[in-house]
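Written below as structure tokens is the structure these notes are about.
If you're wondering where the values come from, they're calculated on a predicted model, not measured in any experiment. Chain letters run A, B, ... following the sequence lines, proteins first, then strands; residues in each count from 1.
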There are 2 protein chains.
Amino acid sequence: VAARSEFTLIRQFFSALGATRADVVLGVGDDAALVDSGGADLLVLCVDTLTAGVHFPADAPADAVGHKALAVNLSDLAAMGARPAWALLSLTLPAVDADWLTGFRSGFHRLAAAHDIALIGGDTTRGELAASVTLAGFVERDGALRRDGAHPGDAVYVSGALGDAAVGLRYWQAGRRSESEAVAAAIERLHRPLPRVALGRALVGLASATIDISDGLAADLGHILERSGVGAVVEIARLPLSPSLRSLCSQAEAAVFALTGGDDYELCFTAPPAREPDLTRAAAALGVAVTRIGTIEPEPGLRLVDDNGRALPLPRAGYDHFGGGR
Amino acid sequence: VAARSEFTLIRQFFSALGATRADVVLGVGDDAALVDSGGADLLVLCVDTLTAGVHFPADAPADAVGHKALAVNLSDLAAMGARPAWALLSLTLPAVDADWLTGFRSGFHRLAAAHDIALIGGDTTRGELAASVTLAGFVERDGALRRDGAHPGDAVYVSGALGDAAVGLRYWQAGRRSESEAVAAAIERLHRPLPRVALGRALVGLASATIDISDGLAADLGHILERSGVGAVVEIARLPLSPSLRSLCSQAEAAVFALTGGDDYELCFTAPPAREPDLTRAAAALGVAVTRIGTIEPEPGLRLVDDNGRALPLPRAGYDHFGGGR
């Protein structure tokens with residue numbers, strides 16, 4: 001089955017499953033769901049499963065797996081502008097290995113404690129190594145950042161730098177793991193991404209649409225465009241690239257990693273140009289780089305241009321873990 | 001590693017993970033967690049992962065896997081006295097098979113719709129077949145049924161009949177799947193358990209402690225006893241056995257299945273004797289059989305007795321999927 005029809009199949013699979021409830025504000029199809037539990041704020045819920053060999057290298061350090069299992073969900077909550085609160089963890093293990101569990105626990109615990117998240121439940125079962133985390137948080141009733149609010153004329157931004165984790169994965173897989181500081185930095189980005197929770201909170205009331213970048217900028221910005229019914233032009237020369245990435249790749253390679261590499265866990269968002277001063281101030285206060293990379297246009301689709309405004313072909317999309325559900 | 005030390009290790013693993021939060025009313029260690037999201041009722045959250053070959057036969061019908069993935073979580077919510085509301089589904093698939101997905105979806109959807117549950121999120125990934133469901137619901141602030149409230153003198157009850165699913169599994173695994181109506185009934189109990197959600201709701205204000213029976217009565221009642229700091233005597237002749245089970249096993253075998261067979265998804269609960277008339281009335285109104293099987297005593301441990309009050313040895317405990325977390 002080709003990736004495209006798989007995607008369609010799984011989208012159909014998840015749509016309209018179960019009852020229709022009035023307390024569901026936003027169901028399947030964004031970074032997280034929004035539901036009304038009767039409190040002052042809306043509840044935000046998401047789940048993501050990491051499987052060995054698909055979402056992390058089977059030989060990744062145990063603490064990195066624990067960190068990343070929570071981080072990918074935190075990144076989804078960040079993309080909704082939510083404050084995280086509670087986690088549930090379902091862990092599938094091929095065997096009970098005390099050292100591995102201690103490492104996993106330490107990576108999970110450190111990130112959870114840093115974001116004031118309590119683990120409130122979980123289970124363990126035997127099987128291929130996988131960690132499924134459900135994360136719950138809160139967002140103001142009219143504050144949630146969604147994928148469907150981008151308008152023509154809005155600017156397109158990304159946080160941090162893109163492509164490092166994808167390059168880190170190449171070096172990790174090649175067994176070239178400590179040959180330079182640049183490689184070590186890229187591998188650190190791969191193993192222990194730092195989700196942009198504080199930035200997500202700051203974007204409430206500023207951004208018109210937001211998504212986290214887990215499958216590569218082109219694919220994830222594509223979700224904003226599709227859900228918002230718009231297109232975008234992205235200036236390739238504006239893509240934020242880290243010094244590590246620049247030192248490890250040619251300019252052309254770096255751009256491909258930035259556009260299609262997965263596992264960045266940065267935020268991509270749109271905002272009206274009038275918001276730029278507020279955005280710049282908020283990002284500076286948090287010490288987070290935010291780069292304007294393009295503009296939303298009425299015509300659907302993502303278009304890349306070079307320094308001179310000439311159209312460039314889109315590189316092939318990043319790896320698709322079935323493409324489903326997020 | 002022996003099962004006992006695995007259990008201890010995993011219990012330690014899940015304890016005190018992440019931050020301590022004032023809005024966590026009950027964390028890891030019961031059938032589900034209770035948290036305060038600021039609404040009128042408490043939020044109830046649980047997660048359970050079913051893995052092929054561990055929690056269901058790898059050749060189980062797809063609709064049964066979809067049904068059961070939700071049912072085991074519904075049973076956890078039933079054991080808290082909660083009303084279910086929202087589900088998230090993380091599905092791990094070895095390949096995208098349209099027929100299998102359609103079957104799974106149909107089993108999941110039917111049970112979800114029957115309990116007014118909306119699927120609000122999920123993801124899919126590639127790997128060994130597994131389905132992880134997170135279920136959220138509500139319970140009154142002072143209403144939650146917990147494991148830790150049993151008192152000496154309370155009666156011990158179970159709903160429905162025990163042991164059928166375990167016998168059904170034997171016949172399924174032996175390939176003897178349609179040799180009689182009794183076998184078909186036992187296999188139906190295995191594949192499509194019907195969680196006692198309405199009974200759980202009716203037990204709010206009546207039961208002193210409740211658990212759902214997923215790992216066998218002896219093991220699960222054992223959790224109530226441990227968490228409540230009490231013991232119990234159970235009269236083996238009182239264990240409720242279905243006509244199917246009686247027709248497929250000797251009396252002695254049937255009792256072992258009832259005590260140690262997994263996958264019953266009935267409720268085991270305790271209540272002061274003065275509540276018995278109310279309990280009987282509530283169970284009758286729901287058309288659910290509720291059987292008094294024993295009594296809570298101060299001395300820790302579970303004791304079995306025969307018709308004449310003579311002590312019987314406990315059969316070996318049921319299969320332990322690592323014993324962790326629930």
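With sequence neighbours left out, B:Thr102 forms a side-chain hydrogen bond (donor to acceptor under 3.5 Å, both in side chains) with no residue at all. For A:Phe13, the ring pair (Phe, Tyr, Trp, His ring centres under 6.0 Å) criterion is met by B:Phe104, not counting sequence neighbours.
Note that CG of B:Asp30 is 12.0 Å distant from CD1 of A:Ile120, once rounded to the nearest 0.5 Å. Atom OG1 of A:Thr49 and atom CZ of B:Arg126 lie 15.0 Å apart (nearest 0.5 Å). Distance check: A:Leu45 CG to B:Leu45 CG gives 7.0 Å after rounding to the nearest 0.5 Å.
Ranking A:Ala16, A:Ala40, A:Gly53, A:Ala32 against chain B, the residue ahead of the rest is A:Ala16, based on heavy-atom pairs under 4.5 Å. Note: A:Val35 leads A:Leu34, A:Val35, A:Thr134 in heavy-atom pairs under 4.5 Å with chain B. Contact count versus chain B (heavy atoms, under 4.5 Å) is highest, among A:Ala112, A:Ala136, A:Ser90, A:Ala98, for A:Ser90.
In this structure, chain A has heavy atoms under 4.5 Å from both the backbone and the side chain of B:Ala85. Both the backbone and the side chain of B:Ser37 come within contact range of chain A, each with at least one heavy atom under 4.5 Å from a heavy atom of that chain. In this structure, chain A has no heavy atom under 4.5 Å from any part of B:Asp41. Using a 4.5 Å cut-off between heavy atoms, B:Ile117 touches chain A through its backbone atoms (N, CA, C, O) alone. Only the side chain of B:Ser132 comes within less than 4.5 Å of a heavy atom of chain A; its backbone N, CA, C and O stay farther away. Contacts of A:Leu111 with chain B are absent, with no heavy-atom separation under 4.5 Å from either backbone or side chain. Using a 4.5 Å cut-off between heavy atoms, B:Leu50 makes no contact with chain A at all.
Here the shortest heavy-atom pairing between B:Gly122 and A:Val47 reads CA-CG1, 3.8 Å. When all heavy atoms of A:Leu43 and B:Trp86 are compared, the closest pair comes out as CD2-CZ3, 4.0 Å. Among all heavy-atom pairs drawn from A:Val28 and B:Leu119, the shortest one is CG2-O, 3.9 Å. Shown here for A:Thr125 and B:His55, the closest heavy-atom pair between the two residues is OG1-CE1, 2.6 Å.
In this structure, B:Arg110 places its CZ atom where only 12 or fewer heavy-atom neighbours from other residues, nucleotides or ligands lie under 6.0 Å away.
The main-chain N or O of A:Gly18 is found under 3.5 Å from a side-chain atom of B:His109 such that the two form a donor-acceptor pair. At distances below 3.5 Å, not a single donor-acceptor pair connects side-chain atoms of A:Asp116 with backbone N or O atoms of B:Ala19.
Side-chain contact between B:Leu89 and A:Phe14 is present, with heavy atoms from C-beta onward closer than 4.5 Å.
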